Asks: 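Below you'll find the structure I mean.
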Amino acid sequence: MNHCHRIFAVALLALLSQLGTIDTNAQTGEQGPIIIGANIGNVPWEFQDTSGAFIGFEVDLVTEIGVRLNREIEIINVPFNGLFAAVQSGRIDMAISSVGITEKRLESVSFTQPYYDSDQSLTTVVGSGITGLNDLREQIVAVDTGSTGDMWATANQEKYGFSEIRRYEGLAPAMLDVVIGRVKGYISDIPALLYYVKDKPNLKVVERIPTGGKYALMLGKSTPLTNEVNDIISVLKQEGFINTLHEKWFGAPADPGTSTVDIAPLPGTSSGLIFSFVETFLNMDVFLQTYPMLIAGLLTTLQLGVLAIFSGLILGLFLALVRLYAHKSFRIIVKAYIDVFRSIPLLVLLIIIFYALPFVGLSLSPFYAAATALTFVSGAYTAEIFRAGIEAIPRGQFEASEALGLSYRHMMSDIILPQAIKIVIPPLTNNCINVIKDTALASVVAMPDLLKQATQAQAVAANPTPLIAAAVIYLMFLLPLVLWVSSLEVKFKVGER
Amino acid sequence: MAAHIKLKNVEKHYGNFRALAGINLDITEGEVVCVIGPSGSGKSTMIRCINLLEQYDRTGQIFVDDLLVQRGKNLKNVRAEVGMVFQNFNLFPHLSILKNVMLAPMRTRNITSANAKKKALDLLAKVGIAEQADKYPAQLSGGQQQRVAIARALAMEPKALLFDEPTSALDPEMVGEVLEVIKNLAQTGVTMIVVTHEMGFARQVADRVIFMDEGQIVEQGTPSDVFDNPKESRTQNFLNAVLNH
């Protein structure tokens, strides 16, 4: 549920701040700190030391830029996928996170000149038998959602015959699955991976994938700050400052002729226009390009939702009956189960099931891991709903059934449950709505649900339209259910004496 | 076909409260027994023990036709023989009148739906509400609902019937129609135990009247014994209170 709220929140905040930007930009005379968004944890560019302070190549770079501009800087943690909407909406002034310059991105954001030439890389477990891309036929590969590596893998999936591209929210969860063996290789930026495997002898970067990526600072479309910052980068290159950063973080100076050393022009933009609100958030071209991805995501979301709802119903009914009528020791166990699974955050449970169970030999696919977690939690809530429904049936109904000699099974199936169903339908439907919304959390276990597809599409197109479209799709499915529950509640209230 | 019901030293405690204090009772086949007494005297508790809606204390025993009433596979047979009619009818609100009457025979006797329906309609005709068969309980008056509840109990062809204050929840003008049905049943030879506050009815139909107080049988005998010549002062006081107001 939270994750889903988050996309609505991101979209909404982006929207609101977009409306606000005109004002704030107009009064630039008063200079607050430069707000910089960074995907913290992206080694060695921006991460935390043991004291929790932000450090890294790009952190050093923007700190120096702040000094030269004589302005404060403030770094906030934003997931990679959120950076695009954040600079476009003006929530942050600048983004760092080894963001590569692409034609597509230049349509909706600005970049300074690059300061690092990068390639992609393939990382695998030593001894796994995978020594290069050619060994990955019929294998699953991991990438970061919407990253350059994602785009490269998608474009080359057929060529190398990857059976599946699994999309993660960052290096740590992806590497965990590489180590577990659920995916055979991880395709990502080479500098980050070289840094990451430095002290990990079981992992190795086995192939450099030349994609010619160039990292630069990302800013909102045509903001005046772009030129100011770009000029400072030129100065820092002349002074050799950026090369000293290279030496500091990679252990050796950069090669001559690379972007770290040579001054480069400001990346040209194919259109000099500032995108309007509609072009940014309701871009029809972007929507048409990305809607097949969204539909695929929707199908996954619905499959997962329906499976979890049905298995949760069965589990919940079983638990409710045990809770009410079984031997005392079973009742205590079931009550404990219900209490625990209603208290544990779904996200935590999902991560435990997906990433921890493989260590005891139980490795579930993302789909079944998500279905299992949702079923466990939904079952606990459903059990409480059924219990309340059954307890609301007057005692006389049980007594009349018993006095007539009906068996326990017939009493339940013919008398009690049919009456309880009417009471539990509204809360059960609410639970179904929550389950469908909670499927969005499956993004963290690399499952291509609707939210995942939307964030990926958003990063590839560098435009938040797919997120808005996803929000609309969620609404189209869930709003009728919400309205139906309301009308049922009214109807049942009238029907009661 | 009627059942023989025997209670031997039946006690029932709710915590420290003694609801039944050693009941001994022998009800012969076809006998009609009316149980009277003040509220809280244990009348309802006693008949609810007979089909084990209440579990009585282990020290006592209840037999229905020589079957000991206890948890286990015998209970099903006991309940099949003993029908019950409740103060609050307890009809199944989600089922039609017809289905209310048909359900138990179909589920416990494996008879076909057609046979069950035929029999249910006969019984509904007998209690005077055949034309309401397709309605739902909430659409009927209290008196009509109680008559359906009687038909529902009869559908199991019980050898004994327990009535737990069958007219106490009814509006006064509906009491008569229900008592009329019970009166007719009394003549069919089925064993009946009726907990009631209707003294006139008890005098008219009972073979035996039992007066209970504080969980005990204080006095019993023919209606004229109990109503006209009560021996115990507790019985006299109770009858004075209910008859002369």
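Letters A, B, ... mirror the listed sequences (proteins, then strands); counts begin at 1. As a basis for the values below, the full set of heavy atoms in this structure was taken, side chains included, without hydrogen atoms, waters or symmetry mates. The shown structure was predicted, so the numbers you read here are calculated from the model rather than taken from an experiment.
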Asks: For the CZ atom on A:Phe310, are there more than 12 heavy atoms of other groups (residues, nucleotides or ligands in this structure) within a distance under 6.0 Å?
Replies: no
Asks: Would you mind telling me which of B:Arg152, B:Arg107, B:Arg79 makes a side chain to side chain contact (heavy atoms under 4.5 Å, CB included) with A:Leu404?
Replies: B:Arg152
Asks: So which part of B:Asn88 gets closer than 4.5 Å to some heavy atom of chain A, the side chain, the backbone, both or neither?
Replies: neither
Asks: Do other residues, nucleotides or ligands put more than 12 heavy atoms under 6.0 Å from the CZ atom of A:Phe330?
Replies: no
Asks: Could you look at A:Ser401 and say if it's the side chain, the backbone, both or neither that has a heavy atom under 4.5 Å from chain B?
Replies: both
Asks: Please report the interatomic distance CG(B:Leu103) to CE(A:Met411), rounded to the nearest 0.5 Å.
Replies: 12.5 Å
Asks: With side-chain contact (heavy atoms from CB on, under 4.5 Å) as the criterion, how do B:Leu95 and A:Ile415 come out once you've worked through the C-alpha distance, each side chain's angles and the decisive distance to 0.1 Å?
Replies: CA-CA 9 Å; B:Leu95 299 177; A:Ile415 307 301; 4.3 Å; yes
Asks: NZ of B:Lys183: more than 12 outside heavy atoms within 6.0 angstrom?
Replies: yes
Asks: How many angstroms lie between NE2 in B:His94 and CD1 in A:Ile421, if you round to the nearest 0.5 Å?
Replies: 11.0 Å
Asks: So does A:Tyr291 have more than 12 non-hydrogen atoms from other groups sitting under 6.0 Å from OH?
Replies: no
Asks: If you count every heavy atom of other residues, nucleotides or ligands that lies below 6.0 Å from B:Phe63 atom CZ, does the total exceed 12?
Replies: yes
Asks: Working to the nearest 0.5 Å, report the span between CD1 of A:Ile393 and CZ of B:Phe92.
Replies: 11.5 Å
Asks: By a 4.5 Å heavy-atom criterion (distance strictly below it), what part of B:Val78 contacts chain A: side chain, backbone, both, or neither?
Replies: neither
Asks: Would one find more than 12 heavy atoms of other residues, nucleotides or ligands at under 6.0 Å from atom OH of A:Tyr337?
Replies: yes
Asks: Looking at every non-hydrogen atom in both residues, tell me the closest pair between B:Phe86 and A:Ala400 and how far apart they are.
Replies: CE1-CA, 3.7 Å
Asks: Has B:Lys119 got more than 12 heavy atoms of other residues, nucleotides or ligands less than 6.0 Å from its NZ?
Replies: yes
Asks: Which one of B:Gly83, B:Pro105, B:Pro93 has the most heavy-atom pairs closer than 4.5 Å to chain A?
Replies: B:Pro93
Asks: Just verifying a value: how many Å separate B:Thr108 OG1 and A:Leu406 CG, rounded to the nearest 0.5 Å?
Replies: 7.0 Å
Asks: Does some side-chain heavy atom of A:Glu399 sit less than 4.5 Å from a side-chain heavy atom of B:Met84?
Replies: no
Asks: Atom CD of A:Gln397 and atom CG of B:Leu91: how far apart are they, to the nearest 0.5 Å?
Replies: 8.0 Å
Asks: If you count the non-hydrogen atoms of other residues, nucleotides and ligands that lie under 6.0 Å from CZ in B:Arg109, is the total more than 12?
Replies: yes
